[in-house]
Amino acid sequence: MEKVYNPKTVENKIYQLWEKSGFLKANLKSKKKPFCIIMPPPNANGPLHIGSAVFVTLQDIMIRYQRMKGKEVLWLPGVDHAGFETQVVFEKELEKKGETRFQYSPKKLCQMIWRFCQRHRKVIENQLKRLGASCDWSREKFTLDKDIVKIVYETFKKLYDDGLVYRGERIINWCPHHETSLSDLEVKHKNIKGKLWFIRYPLKTTNYKPQPTNYIKVATTRPETMLGDTAVAVNPKDKRYKNLVGEKVILPLVGREIPIITDKRVDMEFGTGAVKVTPAHDPLDFEIARDHKLPAIQIIGKDGKMRKEAGKDYAGLKALECRKKILEDLRKKGFLEKEEDYKYSIAVCYKCQTPIEPLISKQWFIKIIPLAKKATKVVKEGEIKFIPAHYKKIYLHWMKNIRDWNISRQIVWGIQMPIWQCQNKNSKIKNKKSKIKDSYFVSFKKPKKCPICQKCKPKQIEDTFDTWFSSGQWPFATLLASGHLKSKIKNKKSKIIFNFTTDDFEYFYPTSVMETGWDILFFWVARMIMLGIYATGKIPFRYVFLHGLVRDKDRQKMSKSKGNVIDPLGVVELYGADALRMALVFGTGPGKDIMISEEKILGQRNFTNKIWNATRFILQQISKSKIKIKNKKLDEKTLTRADKKILRELNKTIKSVTKDVESFRFGQAAQTLYHFFWHDFCDRYIEESKKQLQTSNIKHQTSNILLYVLLTSMKLLHPFMPFITEEIYQRLPLKNKKKCLMIEEWPI
RNA sequence: GGACGGCUAGCUCAAUUGGUUAGAGCGUUGCGCUUACAUCGCAGAGGUUAUAGGUUCGAGUCCUAUGCCGUCCACCA
């Protein structure tokens with residue numbers, strides 16, 4: 001054995017051993033109890049980052065532990081097309097070349113991004129292997145695989161037929177930079193220092209005479225939107241304006257007559273207590289207008305510029321330019337009373353920080369309440385458990401306040417929605433459940449004949465699904481797509497939407513654990529629970545384990561701009577995968593952010609070396625004394641104090657590590673193992689054994705104990721540090737040796 | 001505006017349903033290349049567990065209040 005552990009000469013060889021052994025593949029014939037984790041598919045738009053190394057480590061620990069525990073395990077890997085995310089990354093690549101996405105046809109663009117993703121997919125697969133991921137490659141999936149898309153379509157059709165999908169003219173979050181709608185979750189809030197402007201809206205009649213003149217004063221942070229005002233609203237309890245309700249005001253600069261209305265959503269305390277209502281460009285105003293049947297005038301376009309409805313003086317200006325001009329004009333004509341500094345928050349695109357323009361737009365929505373109800377129930381009743389537990393509360397709070405989900409996106413990179421429109425304007429079809437008449441219908445393929453008018457050639461809408469709509473189906477979609485067709489389900493009353501099932505699905509669904517970062521709890525986990533129950537009638541997983549964000553030693557978030565990113569594969573290259581994995585899990589708690597630093601990794605690299613050298617010493621002793629290891633029981637009578645102590649400590653370690661892994665306390669388990677191996681075994685027992693090996697009557701037994709403790713330690717450490725432990729196992733002179741440590745039995 | 005998390009050694013973090021002497025890594029001090037380990041090793045120092053109360057035989061852990069830091073959610077113009 002070399003004097004130092006060299007991961008480079010070991011890791012590739014060992015991974016090949018595992019792959020060739022066939023034990024990475026789930027074997028449904030084993031009749032063992034199932035344990036399944038569906039891997040959160042990494043985005044196929046770049047190499048793995050340190051966060052991916054975290055999930056690989058944690059999931060691999062669980063998978064390897066359960067495999068050794070005798071379960072039939074399936075860890076199903078995959079990669080994600082990551083719609084909007086990938087398109088943004090790809091657009092940046094184009095920008096570097098001085099191009100934009102608008103230069104290419106959607107079809108061409110899709111082809112380019114497809115190739116881009118395929119390239120990264122290969123890289124990612126290789127990186128997962130280098131990290132030691134013991135997943136089943138024969139079942140690997142891509143989120144755009146045909147069979148996955150088919151299942152996504154089926155789910156959508158069921159939702160549509162159940163009347164849970166609607167096309168709504170609703171106010172949506174529009175990113176003018178990316179020119180797409182965003183869900184509420186994709187919008188971040190940013191505090192800014194702005195101004196609050198107080199504008200006088202003159203009254204049409206003069207019956208009411210507030211001192212000194214006749215106007216109602218409104219406060220706004222966005223004066224340019226006044227061009228689209230269709231009312232002024234006050235609180236019904238507000239005595240100041242009691243006599244004004246029902247009056248009309250003349251909109252300054254525009255001249256339009258608009259009413260003064262009451263609505264209890266108006267805050268009397270804020271500003272003047274009177275609010276201008278711009279239904280087309282403010283979410284609350286939109287709702288007020290809907291309830292009062294007020295018209296909406298869209299004055300800002302999808303490009304963020306003023307439309308012709310804004311009037312000829314303003315049309316074509318960017319919204320901010322328009323604001324300047326409006327303020328100038330108001331001031332000139334005496335309508336602007338005052339301005340105040342005002343701190344408030346604006347909505348921005350989570351990717352580009354561009355302020356969101358709330359726009360009225362026709363988008364597709366899912367009625368979420370029926371899905372949320374069941375998703376709430378299973379968590380409340382503990383059918384799905386969260387680790388750490390306090391996420392249960394956060395999840396339930398979000399579910400309680402959930403709003404309908406905008407699932408259509410105006411981007412090309414994604415699954416095109418299977419919706420077609422009849423081109424014959426007068427023909428409509430009625431949805432049996434929602435009873436809404438519409439010219440749209442769902443079809444998975446290009447229809448030969450229009451099912452509505454029987455005459456036209458229907459067109460498919462260009463919108464794609466929100467990525468999370470498809471990834472929300474990942475647990476059941478993968479299992480239905482990876483397995484062998486088992487049987488057709490004839491019972492149409494069955495809650496399951498699919499008319500088929502597969503052996504994988506039957507065996508492994510509901511899956512055991514969903515392990516992912518807390519930052520996508522709402523984006524992904526919540527949607528998987530809702531869609532999983534809806535589509536299959538069963539929960540998608542029993543446990544949700546959430547890990548934290550990776551930060552550097554100064555608690556800073558890792559980001560390319562800060563230059564503090566740690567490239568996981570660079571670390572593997574330098575120090576080995578085992579050191580990285582151990583560093584990522586060592587001394588961390590579930591749900592807590594993970595601090596990582598070069599020093600911490602070095603510390604664990606030293607640990608690999610310690611393990612290596614302890615082994616080297618033991619193997620030397622055994623070969624020196626030419627002891628053959630037999631599987632015989634230890635003779636209690638001849639055990640020394642040191643022997644007894646190390647065996648006692650070992651048993652304690654087995655118990656506590658097992659308990660820790662079972663209860664997801666991996667950081668604790670890693671610490672216990674580290675402490676036992678280094679301090680109890682190496683510092684004390686191995687040192688003591690040097691004397692014992694000189695004593696002829698106990699040297700045989702001492703060798704036995706050394707080997708036994710080493711072997712057991714390798715088993716316990718294997719889920720955490722798979723490469724070095726496997727390499728050592730292969731070198732140990734054992735009888736009844738298995739083909740690999742990976743499938744050895746977990747010590748009890 | 002609501003909710004959540006954190007405060008433990010110089011730094012970054014652990015510590016199971018309350019239970020012996022609160023543990024690691026890095027840093028620091030001393031000793032050591034003794035044939036497993038200089039890619040370091042061994043030994044030690046370092047703590048009023050944010051503050052103030054309370055419950056208890058016993059509190060880092062449970063309760064109440066306060067302070068500071070952080071995060072998430074939210075349609076106050």
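Chain naming here is simple, since letters A, B, ... match the order of the sequence lines and numbering starts at 1 in each.
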With sequence neighbours left out, write down each residue that passes side chain to side chain contact (heavy atoms under 4.5 Å, CB included) with A/Phe286, or none if nothing qualifies. A/Ile171, A/Ile360

Reckon A/Arg684 touches a base, only the sugar-phosphate, or nothing at all at heavy-atom distances under 4.0 Å? nothing

Regarding A/Asp285, tell me which of base, sugar-phosphate or nothing describes its non-hydrogen contacts under 4.0 Å with the strands shown. nothing

A/Gln621 atom CD is separated from B/C37 atom P, nearest whole Å, by 12 Å

Base, sugar-phosphate, or nothing for A/Tyr575, non-hydrogen atoms under 4.0 angstrom? nothing

Using salt bridge (charged side-chain N to carboxylate O under 4.0 Å, His left out) as the criterion, list what pairs up with A/Arg731, not counting sequence neighbours. A/Glu727

Closest-nucleotide ordering on RNA chain B, the 5'-leading residue of A/Ile686 and A/Leu196: A/Ile686

Give me the one residue out of A/Thr588, A/Val54, A/Ile566 that meets side-chain contact (heavy atoms from CB on, under 4.5 Å) with A/Ile596. A/Ile566

Tell me which nucleotide among B/G23, B/C37, B/C73 gets nearest to the side chain of A/Asn613. B/C37

Taking atom P in both B/C33 and B/A38, compute the distance separating them and give it to the nearest angstrom. 13 Å

Between atom NE2 in A/His397 and atom C1' in B/G5, what is the gap in whole Å? 15 Å

Atom CG of A/Leu602 to atom P of B/U12: distance rounded to whole Å? 19 Å

Among the candidates B/A77, B/C37, B/C26, find the nucleotide nearest to the side-chain atoms of A/Tyr344. B/A77

Rounded to whole angstrom, note down the C1' distance from B/G23 over to B/A45. 16 Å

A/Phe270/A/Tyr342 aromatic ring centres below 6.0 Å: yes

For the side chain of A/Val266, starting at C-beta, report the closest nucleotide among B/A77, B/C37, B/U16. B/A77

Strictly below 4.0 Å, N to O, side chains only: are A/Glu169 and A/Arg290 in salt-bridge contact? no

Please state the P separation for the pair B/C13 and B/U66 - nearest whole angstrom. 26 Å

Going by modelled atom types, is there a donor-acceptor pair between the base of B/A36 and the side chain of A/Lys690 at under 3.5 Å? yes

By salt bridge (charged side-chain N to carboxylate O under 4.0 Å, His left out), A/Glu515 pairs with (sequence neighbours left out) none

Starting from P on B/G23, measure out to CG on A/Asp680 and report it in whole angstrom. 14 Å

Could you work out the separation of B/U71 and B/C76 based on their C1' atoms and round it to a whole Å? 23 Å

With sugar-phosphate meaning primed atoms plus P, OP1 and OP2, does A/Phe198 contact a base, only sugar-phosphate, or nothing at under 4.0 Å between heavy atoms? nothing

Span that lies between the C1' atom of B/U12 and that of B/A65, in whole angstrom: 30 Å

For A/Lys188 and B/A74, give me the distance from atom NZ to atom P, rounded to whole Å. 8 Å

Among B/C37, B/A14, B/A77, the one nearest A/Arg616 by side-chain distance: B/C37

Test side-chain contact (heavy atoms from CB on, under 4.5 Å) on A/Leu359 and A/Gln298; report intermediate values, then the result. CA-CA 8 Å; A/Leu359 286 184; A/Gln298 193 185 338; 3.8 Å; yes

Hey, does A/Arg265 reach any base, or is it just sugar-phosphate, or nothing, if we go heavy atoms under 4.0 Å? nothing

Value for CZ (A/Arg265) from CD (A/Glu287), rounded to nearest 0.5 Å, stands at 6.0 Å

Using the P atom as the reference point in each nucleotide, state the distance between B/G41 and B/A36 in Å, no decimals. 15 Å

For A/Gln668 and B/A22, give me the distance from atom CD to atom P, rounded to whole Å. 16 Å

Once you apply a heavy-atom cut-off of 4.0 Å, does A/Trp678 come out as touching a base, just sugar-phosphate, or nothing? sugar-phosphate

Indicate, with a heavy-atom threshold strictly under 4.0 Å, whether A/Lys655 touches base, sugar-phosphate, or nothing. nothing

Count the heavy atoms belonging to other residues, nucleotides or ligands that lie under 6.0 Å from OH of A/Tyr543, then report whether that count exceeds 12. no

Quick one: label A/Tyr391 by what it contacts on the DNA or RNA (base, sugar-phosphate, nothing), any heavy atom closer than 4.0 Å. nothing

OP1 or OP2 of B/C40 less than 4.0 angstrom from a side-chain nitrogen or oxygen of A/Lys3, does that happen here? no

Is it true that A/Phe666 and A/Phe545 have ring centroids separated by less than 6.0 Å? yes

Going by side chain to side chain donor-acceptor pair (under 3.5 Å), name the residues that satisfy it together with A/Asp341, two or more places apart in sequence or in a different chain. A/Lys195

side-chain N/O A/Tyr342 vs B/C76 OP1/OP2, d < 4.0 Å: no

Interatomic distance at C1', B/U49 relative to B/G6, whole Å: 13 Å

Output the residues of residues 603-612 of chain A in contact with RNA chain B, where contact means a heavy atom of the residue under 4.0 Å from an atom of the strand; sort by number or write none. A/Arg605, A/Asn606, A/Asn609, A/Lys610

Ionic contact status for A/Lys8 with A/Glu573, cut-off 4.0 Å: yes

Using the C1' atom on both, measure B/G53 against B/G67 and round to a whole Å. 15 Å

Side-chain donor or acceptor of A/Glu687 under 3.5 Å from a matching atom on the base of B/A36? yes

Using whole Å, report how far CD1 of A/Ile394 lies from C1' of B/C4. 5 Å

State whether A/His390 places a side-chain N or O below 4.0 Å from either non-bridging phosphate oxygen (OP1 or OP2) of B/C4. no

In RNA chain B, stems of three or more consecutive pairs, Watson-Crick or G-U, each with both distances under 3.5 Å, turn out to be B:1-7 with B:67-73, B:10-13 with B:23-26, B:28-32 with B:40-44, B:50-54 with B:62-66

Using a heavy-atom cut-off of 4.0 Å across all strands, would you classify A/Lys393 as base, sugar-phosphate, or nothing? sugar-phosphate

Just how far, in rounded Å, is C1' of B/A74 from CZ of A/Arg403? 10 Å

